[in-house]
Amino acid sequence: MPPAVCQPKWARFVCSVIEDSRAIPQAHALMILTGFLARPNSPGRLIAAYGRSGNLAAARVVFDALPQPTISSWNALIIAHLRNDSPVDVLHLYRRMISEGGVRPDSSTFTIALKACTQLSDLDAGEQIRSHAYDLGFQNDVFVSSSLLNLYAKCGKLIEAVEVFERMPRRDLVSWTTMITGFYSAGKSIEAIDSYRKMRAEGVEGDEIVMVGLLQACAAMEDVRTGASIHGHMIRLDMRMDVVVETSLIDMYAKSGYLSLANVVFERMRNKNVVSWSSLISAYAQNGFANEALLMLVRMQDFGFLPDSVALVSALLACSQIGFLKLGKSLHGFVVRRKLKVGMILGTAVIDMYSKCGSLLSARAIFDRLSSRDLIAWNAMIACYGIHGNGKQALSLFLEMKETELKPDDATFASLMSAFSHSGLVNEGRRWFNCMKIDFGLEPGEKHYACMVDLLARAGHVEEAFDLIQTMKIKPGIAIWVALLSGCHIHKKLELGEYVAENILKLNPHDLGVYSLVSNMYASARNWNKVQEIRRMMKMMGMKKTPGYSLVELDGKFHAFLAEDNSHPEYLQIMAMLERLECEMRKIGYIPKIELVLHDLQDDVKERMLLCHSERLAIAFGLLNTGAGMRILVIKNLRVCEDCHDAIKLISRITNREIVVRDAKRFHHFNDGACSCGDYW
DNA sequence: ATAGGGTTAG
């Protein structure tokens, strides 16, 4: 034992050195030599220091050497495990402490144990801890209560959470914040904002952490007004803006569609981390700016940040949107090389990327390799088969899923029904549409009805489709009537068609495509007055057609084509190619469907317009710039017209190429004069 | 001595 006079010195020395993780072992040795370790709180300090430095093993050695660990040592050891992401061990140690007896757990013991339960979403363990804490008289402890409140809220037990909150004798900023984020994570954003108002009414001042919760709630509601006013409030009060707050601001602006504001916040950040970069990438990807998202992925690496799985998921989403298979593949490779765990979210993103880039088989291979699959993963894979027009596979996957303990939801059925509608599987469609309601208790929504009407009407069961619409509890929207109308058009049900057309016009559609469908209907019925009227309506309303465009990738660069687009540098070669092809096509029976062109023009001008549809320009460009036998992938934002569909089939045969076109609804794999959709689109 | 509330993704 050192002389008593030395102790304060030792204490100061040990305490200062213990903050430096490299010096902990030396401090440890000194503490043993000097007997300092025998002081009541010293082992706790040492264990905590080892815990902070991530050296759990050493923390345990110190603890195990204690003849009679005090509560501070127990707590320090438990906290060390919580800090090092071992919530399972936290509960383990907690139970060991209880069963070994000798110490009385205190408020922080319960607090930590409850936090571990929250991380594990283990409500049962939480209940045990709660009852133990209450037995020992901690029911009014703010720390225990807010930890319990958090556990309930994060596990979706909102009623219990509110109960705990209301029983608290004293509510401080932390308990309010817990309640607010609890409401947010239970999907009750309005209640979250309301709670904040109540908190202020009780005179509690907010800090930057509670603002994060509020911003998340605003983001969920896409309420930029409230979000921006919170932002302003923070600036006025000169609150500390740390990375987390700023990232929440970026997310709030992005989710509300204000990308430029999100970008301003991002550019002004003094400290950026991987999360802030990821949130910006996600902002761009979610708003359809694939190019910007991918640029940011590159830029973050220039700034020394390695993309984490969140950034990769967003980048994969961007690849899906534009059909960037090459980059998607190399991102997948990056994931494998970095040995990132391909969890469900990343796995589903990879599946979605392969599928939307036309590689259905790769998508399935990844799906089969996932170690666990949740509902979203299954839904995504079923949707893959759907957009590729493979209804039978979609169904068999659905049946496989039914055998798991997962419960199909409305998204599952939306994917399944759309798969049926893309494959013309009428009987299966009828059967599972009814099953959805009867066996699964799911009320079909707009999407499900639209698929069913489309399926029935196009298969010729127009009246049945019409009857189905009559039984709907919700008011049928434009999509449903349009599905019925195209069925009427195909099957020449002119009388019903005119009635449906009237219904559609009453709903004031804003899409010019809908008007041309209606106009075509009237033209088939030889109702020229109506055709004229619609033409006048279209002019009067000054409606612009959504410009159709097609994308094709070459050497990592994307080339975009509009219809009749002469701006591309290779325009002349492209046109020459298309004319050459048309000549060949006519020899094997191609007749341009000039009736699809609505304008009052000479026939040869109409033919020319068809020839210059964006997908054909993109395909010709692809043919010109890729070697024989290479597959061509074209992404189109609108649907492929009937004439292009015919034409591309012939082009695939003449050029002996596999041509894949992804349009607004689905994939068309053209090969040797045929299309995978079998003209069913 | 230690402890409760916060950011991004399919």
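Computed from a prediction, not measured in an experiment: that's the story for all the values here. Below, read A as the first sequence line, B as the second, and so on, with proteins coming before strands; counting in each chain starts at 1.
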For residues 147-160 of chain A, which side-chain N or O atoms pair as donor and acceptor with protein atoms under 3.5 Å away, sequence neighbours left out?
| residue | atom | partner | partner atom | Å |
| --- | --- | --- | --- | --- |
| A:S147 | OG | A:F143 | O | 2.8 |
| A:N150 | OD1 | A:K154 | NZ | 2.9 |
| A:Y152 | OH | A:E127 | OE2 | 2.6 |

For DNA chain B, the residues among residues 329-361 of chain A that have a non-hydrogen atom under 4.0 Å from it: A:M344, A:I345, A:T348
Neighbours of DNA chain B within residues 364-382 of chain A, by heavy-atom distance under 4.0 Å: A:D374, A:I376, A:A377
A:N75 versus A:S72, side-chain donor and acceptor atoms under 3.5 Å: no
Strand contacts (DNA chain B) in residues 246-270 of chain A, 4.0 angstrom heavy-atom criterion: A:T247, A:S248, A:D251, A:K255
Proximity of A:F398 and A:W378 rings by center, below 6.0 Å: no
Bounds of contact between DNA chain B and chain A, in 5' to 3' order, using a heavy-atom cut-off under 4.0 Å: B:dA1 to B:dG10
Stretch residues 144-172 of chain A: residues that reach within less than 4.0 Å of DNA chain B through a heavy atom: A:S146, A:S147, A:N150, A:K154, A:D172
Pair A:Y354-A:R364, side-chain donor/acceptor within less than 3.5 Å: no
Polar side chain donor-acceptor pair, A:S248 to A:D251, under 3.5 angstrom: no
Distance flag, aromatic centroids of A:F266 and A:W277, threshold under 6.0 Å: yes
Salt bridge present between A:K198 and A:E202 (N-O < 4.0 angstrom): no
Side chains of A:N263 and A:S260, donor plus acceptor under 3.5 Å: no
Pairing of A:D64 and A:R60 as salt bridge, 4.0 angstrom limit: no
